[in-house]
Amino acid sequence: MKIPVGFAVAVLALSMLAGCAAKKEEVPVSVTLEKSEFGLVDGKPAQLYVLRNTNGMEIAVTNYGAHLTRVKTPDAKGNVADVVLGFDSLEGYLGKHPYMGATVGRYANRIAKGRFTLNEKEYRLATNNGPNALHGGLEGFDKKLWSAEEVPTNDGPAVRFTYVSPDGEEGYPGTLTVSVTYSLKADNQIQIDYRATTDADTVLNVTNHSYFNLAGAGKGSILDHVVTINADRFTPVDSGLIPTGELRQVDATPFDFRSPVAIGARIDANEEQIKLGGGYDHNFVLNGDTGNLRLAARVKENTSGRVLEVLTDQPGLQFYTGNFLDGSVTGKGGTAYGKRFGFCLETQHFPDSPNRAVFPSVVLKPGDTFTSTTVYRFLTESR
Ligand code: GLA
């Protein structure tokens, strides 16, 4: 095709101008965002947002339940796999599943007997886990359609989901406005920023409930993954997985992950807490100061060389080894997710904090802003 000279000159001039503008800002865009329709939730459209960086990583999030649905990341040889359990389409997320990739709230984890007292008033929640309340109730944050917006970061666009939880929803006091922002960084970190405000005193504990398998979602159990957790203590539980209130030293227990240990090494130990959890399903009391973003855990999968590091500013981390997965949920590519096919590292406040004055407070008051950051950082290491 022949291009008229005048046109070519104009294009050249424009591109030179654009070049100058780019030079001035000097912000190379390393992350791109693609938005598509994901299906309908009660007649309303849900979206899927795909973030890609120039380093071989791709993640996807949806405003339905603010789920993290996909984390494609390279192994030590550059082969990319999706390392989070979940579903190929919205239908899977709408169906019954144990919070795969979900944003969990208002109160992630358990509240004993679904009751707590705040300012001398007792609040009653649905008991959806035996006698206890779990993960925000019958219709928690994971089942809400959040509003979505694109927000700029230094590395490119990120996605912010916002939900306004009405006063009294699931039994919790106060109108709570909560947002969760997912950003993908150029250096293969996923950053999750939470923010919340309220118009009346309330309690709050939010987390992300992704199940990881660093060999690839659906590629068998996670027992060979090697884990390090930066915690000298954990919170032992009763038979309903409610903390007893004790902060127990991990020394000489199967809960000592201060040096790297395979998940499977002690998961069937003849030990009271392991038996109560059916494996690991416990809150670790993280070392270091709450409020400071610090390394909480590191997990390595030897066949792929993939490494996941989890950073948080929260006081606790629930290490859950997918003990309740039983093959009844069929996920990506038609794979049934069996027992221990994924592990979760849920950054959090301690379970049942509203009933434990000695645990760090989870009370949010009007005029205060709750903020929290979780980072999932992906690396590779050869053996
Ligand atoms: C959390 C809990 C587990 C289990 C899962 C969901 O991580 O600690 O006991 O309820 O969620 O199945």
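Keep in mind that this is a model prediction, so the values were computed, not measured. In each ligand, atom 1 is the first atom listed, and ligand 1 is the first ligand listed.
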>> Strictly by salt bridge (Lys or Arg N to Asp or Glu O under 4.0 Å), give each pair with a member in residues 324-345 just once, sequence neighbours left out.
In response: Asp82-Lys332, Asp268-Arg340
>> Please verify the inter-ring angle class for His97 with Tyr93; under 30° counts as parallel, over 60° as perpendicular, anything in between as tilted.
In response: perpendicular
Write 'none' if nothing qualifies; otherwise put on separate lines each N/O atom of ligand 1 with a protein N/O atom under 3.5 Å away and their distance to 0.1 Å.
| unit_1 | atom_1 | unit_2 | atom_2 | d |
| --- | --- | --- | --- | --- |
| ligand 1 | 7 (O) | His209 | NE2 | 3.1 |
| ligand 1 | 7 (O) | Glu346 | OE1 | 3.3 |
| ligand 1 | 7 (O) | Glu346 | OE2 | 2.7 |
| ligand 1 | 8 (O) | Arg110 | NH1 | 3.3 |
| ligand 1 | 8 (O) | Asp281 | OD1 | 2.6 |
| ligand 1 | 8 (O) | Gln318 | NE2 | 3.3 |
| ligand 1 | 9 (O) | Arg110 | NH1 | 3.4 |
| ligand 1 | 9 (O) | Arg110 | NH2 | 2.7 |
| ligand 1 | 9 (O) | Asp281 | OD1 | 3.4 |
| ligand 1 | 9 (O) | Asp281 | OD2 | 2.4 |
| ligand 1 | 10 (O) | Arg110 | NH2 | 3.4 |
| ligand 1 | 11 (O) | His135 | NE2 | 2.9 |
| ligand 1 | 11 (O) | His209 | NE2 | 2.9 |

>> Using the rule given for side chain to side chain contact (heavy atoms under 4.5 Å, CB included), can you reason through Thr202 versus Arg106, listing the C-alpha separation, both sets of side-chain angles and the distance that settles it, and then say yes or no?
In response: CA-CA 10 Å; Thr202 192; Arg106 291 188 188 192; 3.4 Å; yes
> Of all residues at least two apart in sequence or in a different chain, which pass the salt bridge (charged side-chain N to carboxylate O under 4.0 Å, His left out) check with Glu139?
Replying inline: Lys144
> Quick one: salt bridge (Lys or Arg N to Asp or Glu O under 4.0 Å) pairs with a partner in residues 218-232, sequence neighbours left out?
Replying inline: Asp232-Arg258
> Using 4.0 Å as the upper bound for N to carboxylate O, is an ion pair formed by Arg298 and Glu381?
Replying inline: yes
